[in-house]
Amino acid sequence: MFEALEKLGYGISLSLEPSNLLYAAIGSVLGTLVGVLPGLGPVTTIAVLLPLTYHAGSPLGAIIMLASIYYGAMYGGSTTSILLKVPGEAASVITCIDGYQMAKKGRAGPALAIAAIGSFIAGTVAVCALALVGPLFAKFAVTFGPPEYFALALFGLSLSATLSGGSPVRGITMVLVGLLLGLVGIDTITGVERYTFNIMAITDGIDLVPMLMGLFGVAEILHNLEEKSRGSLLSTKIGRLFPSRQDWRDSSGPIARGSVIGFFVGLIPGGGAILASLMSYTLEKKLSKTPEQFGHGAIAGVAGPESANNSAATASFIPLLTLGLPGNAVTAVLFAGLLIQNVQPGPLMLVKNPDVFWGVIASMYVGNIMLLVLNLPLVGLWVQLLRVPSWLLSATILLIAIFGTYSLRSNFADVTTLMLFGGIGYLLRKASLDAGPLIMAFILANILDTALRQSMLMGDGSLLIVLQRPMSLTILLIAAVILTAQLWSHFGRTRHRAVPSEG
């Protein structure tokens, strides 16, 4: 524990360097902004800004800025959820339920304040836990061989297919498409081209950054341009900002429980902030002595979910940094950001890039302080930004995406990839298909392919070695149980709806 705290102190010293503080401030402001603006989430923003980090002065500064955007959006998303009943970020959907009701009753100030303070407390708790748990994860993962990595990649694919929301069958379909796209290019072992169709631009494989920017950035712009209705600004005043003593008593328990729930859910690849906030809200309603108040302005319905989604956002960095396993769409984009900076996330990151590991973790605490200072006094400004015309915002983002993509390699083929996947992403949105599993499968495809080949070499051509090693077998069994349970639940619900009720 003392060693971890000492390393965390080292990380804080790095994060307090003027350049890194500037990156954290820029990311925090941008994150809050994209959280406030409905339809413009952290995935879109980070994907669009990825090319800019290529020219950053240091890998640490670039990743600090991207990470700040992520947890900054967790903060900002609560503002429009409470004032307009329009979630600025997907994880803030649950906050709409009671937050907006509090605002209608003239209690928008306490709702906004408890959301910001709860997020700060949860983020601080998660950062401290991250400093303790992260190195343990890394030491454990160092013992992994190719069979364990093969099993871990399958585990990640099973989670991304079933926990991304919607039908698990659709999730599995998107995973298979992602795996196919991830195998495009020259086989690293045989040197044979795979699925390139003699197209020179994809001989080295499909570039991840234009693909991300297209699927999330351009597709989101096209989707938002179809949205005609925007939330109307709340006519009542925000009122007194700070919570009363009763508000504190009602919120302290939910904040503590939300912080713990969010942290453990965030550790699970595929879990994410949305699941954490939903679990927190459900738990608080069950534990409450007055459950009938939930849905009508219960402050616990704001404190718990907001704490949970921020804690989960921080905890999701553990599987990313220590296992090299992106747990959701945002960390998948951050994975690409690390690769752009020549930083390989995984068990050896603590050895090869300890400054990036500890600097990023410590910057989250610094960023939480910045966000607390930003969110409370500037609520009025954030709300006024909702008046920016959507066409102007969309055009600006599209220009940044195009110029940013071209600047990476000065290759117009990358812009073609951007637009192609922008169209594909738009069609996926129209078909209610989630691009998250596709991206995670695309990233894991190379890990899965390499680990499979190495495992078979270790097993003299047999894949039974994966089943003969206790750790890889355990991981595979857990993945199988999760996948089977999700499919059983889905088809069970389908059959239940299909059977007509008697009488």
Side-chain angles (χ1 to χ4, degrees), residues 43 47 50 141 144-164 168-197 199 201-216 269-270 319-320 323-340 343-347 414 417 420-421 424-425 428 433-457 463 466 472 475-476 479-480 482-483:
V43 181
L50 272 179
F144 281 17
E148 285 76 21
Y149 268 103
F150 175 73
L152 191 64
L154 286 178
F155 176 71
L157 291 176
S158 67
L159 284 173
S160 62
T162 57
L163 295 180
S164 61
V169 177
R170 293 187 174 200
I172 292 171
T173 303
M174 297 307 292
V175 163
L176 293 176
V177 172
L179 285 174
L180 184 63
L181 292 173
L183 295 176
V184 171
I186 296 177
D187 189 317
T188 54
I189 294 179
T190 64
V192 177
E193 291 187 15
R194 299 186 294 194
Y195 314 119
T196 60
F197 303 102
I199 301 174
I202 58 173
T203 303
D204 293 330
I206 299 173
D207 195 74
L208 178 60
V209 176
M211 181 181 179
L212 281 170
M213 295 172 69
L215 283 175
F216 293 109
L320 172 67
L323 302 178
L325 190 67
N328 51 50
V330 181
T331 50
V333 182
L334 288 170
F335 184 96
L338 287 164
L339 295 182
I340 286 177
V343 176
Q344 179 65 50
D414 289 338
T417 303
L420 175 64
F421 278 99
I424 293 172
L428 292 178
L433 291 170
D434 188 359
L438 186 153
I439 287 296
M440 285 184 270
F442 180 85
I443 291 172
L444 291 172
N446 186 50
I447 298 173
L448 189 72
D449 183 36
T450 304
L452 173 64
R453 306 286 190 89
Q454 293 174 340
S455 297
M456 294 186 71
L457 287 173
L463 198 56
V466 179
S472 57
I475 296 172
L476 283 177
I482 292 172
L483 191 60

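Heavy-atom basis, side chains included; hydrogens, waters and symmetry copies ignored.
Within the structure, every pair that satisfies the salt bridge (charged side-chain N to carboxylate O under 4.0 Å, His left out) test and touches residues 146-156, not counting sequence neighbours, is listed here: E148-R469.
A480 is linked by a side-chain contact (heavy atoms from CB on, under 4.5 Å) to nothing, counting only residues two or more places apart in sequence or in another chain. Applying the side chain to side chain donor-acceptor pair (under 3.5 Å) test to T196 and every residue at least two apart in sequence or in another chain returns E193. Residues satisfying the side-chain contact (heavy atoms from CB on, under 4.5 Å) criterion with L154, sequence neighbours excluded, are F150, L157, L448, L476. Remark: A336 engages L50, L208, L212 in a side-chain contact (heavy atoms from CB on, under 4.5 Å) (not counting sequence neighbours). The side-chain contact (heavy atoms from CB on, under 4.5 Å) search around D187 returns I189, T190, R194, R453, not counting sequence neighbours.
Among all heavy-atom pairs drawn from S472 and P147, the shortest one is CB-O, 3.6 Å. For A153 against L444, the heavy-atom pair with the smallest separation is O-CD1, 4.0 Å. For V175 against P437, the heavy-atom pair with the smallest separation is CG2-CB, 3.9 Å. Nearest heavy atom pair, residue I439 against residue A332, reads CG2-CB, 3.6 Å.
Looking at L452 and P146, their side chains never come closer than 4.5 Å, going by heavy atoms from C-beta outward. The side-chain heavy atoms of L339 and Q344, taken from C-beta on, include a pair separated by under 4.5 Å. Residues I447 and L152 have side chains not in contact (no heavy-atom distance under 4.5 Å, counting atoms from C-beta outward). Annotation: side chain of L181 is in contact with side chain of M211 (closest heavy-atom distance under 4.5 Å). Residues L215 and L438 are in side-chain contact: their nearest non-hydrogen atoms beyond the backbone lie under 4.5 Å apart.
Expressed to the nearest 0.5 Å, how far CG of N446 lies from OG1 of T450 amounts to 4.0 Å. Taken to the nearest 0.5 Å, the CG atom of D204 stands 10.5 Å off from the CD1 atom of I202.
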Assess whether side chain to side chain contact (heavy atoms under 4.5 Å, CB included) is satisfied between I206 and F421, documenting all intermediate values.
CA-CA 11 Å; I206 299 173; F421 278 99; 3.9 Å; yes
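Formation of a donor-acceptor pair under 3.5 Å by the S158 side chain with backbone atoms of F155 is found in this model.
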